[in-house]
Amino acid sequence: MANPAAPKLSLEEAKAAASQANAALNEPSAAQKLTAVQAECQGDIAKFFMLAIPLATEVVAPTLEKYGFEKNQGGAMAFVGELQKHNSDPEILQMANALKSKFMPAMAMPAGFPMPPAGGAPADEMPE
């Protein structure tokens, strides 16, 4: 059975939903749990996906449900994707980035990973 289409949020709905989701993630007990799990992951992406993402999803589940998204990781990602459609609004951009920081690990690039030079040259033009 196919998943239903993700809901569409107006700008005002997106602002309200992002505000509610961020408030839930910043609630002291939730924030403490997320910080502890992120510290436990210590850059281990597999562990992050097994521990931090499910916890963040659980915390925002009431907001997801309220706005018609599924209360699972897919619903959370669809929610963030819907917020990104309103990134031209500075308030939405800030709140969406705050949400993404809870769902995506802050990882350093591995040693030797080619980084584009300042100015953003395409990868095929990067020095060896």
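We count residues from 1, following the sequence as given.
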Would you list the atom pairs, donor with acceptor, under 3.5 Å between side chains in residues 45-54 and any protein atom, with sequence neighbours excluded?
none

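- Closest approach of Y67 and E13 over heavy atoms only: CE2-O, 4.0 Å.
- A98 pairs by the side chain to side chain contact (heavy atoms under 4.5 Å, CB included) definition with N22, not counting sequence neighbours.
- Residue pairs meeting the salt bridge (charged side-chain N to carboxylate O under 4.0 Å, His left out) criterion with at least one partner in residues 86-97, sequence neighbours excluded, are K15-D89, K15-E91.
- For N87, the side chain to side chain donor-acceptor pair (under 3.5 Å) test picks out no residue, with sequence neighbours left out.
- Distance check, rounded to the nearest 0.5 Å: CD of Q20 to CG of L25 gives 12.0 Å.
- A search for salt bridge (charged side-chain N to carboxylate O under 4.0 Å, His left out) contacts involving E65 returns K71, not counting sequence neighbours.
- Residues passing the side chain to side chain donor-acceptor pair (under 3.5 Å) test with S88: none are found, sequence neighbours excluded.
- Residues passing the side chain to side chain donor-acceptor pair (under 3.5 Å) test with N26, sequence neighbours excluded: none.
- Two different hydrophobic clusters hold M95 and L99 under the rule that ILVMFWY side chains link at heavy-atom gaps under 4.5 Å.
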In a table with atom names and distances, give each donor-acceptor pair under 3.5 Å that connects a side chain of residues 73-83 to protein atoms at least two apart or in another chain.
| residue | atom | partner | partner atom | Å |
| --- | --- | --- | --- | --- |
| E82 | OE1 | K85 | NZ | 3.0 |
| E82 | OE2 | L9 | N | 2.9 |

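- Applying the 6.0 Å contact sphere to CD of Q84 captures more than 12 heavy atoms from other residues, nucleotides or ligands.
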Under 3.5 Å, which donor-acceptor pairs link side chains of residues 28-40 to any protein atom two or more places apart or in another chain?
| residue | atom | partner | partner atom | Å |
| --- | --- | --- | --- | --- |
| S29 | OG | E27 | OE1 | 2.6 |
| T35 | OG1 | A31 | O | 2.8 |

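- Between the side chains of E70 and N72, at least one donor-acceptor pair of N or O atoms lies under 3.5 Å.
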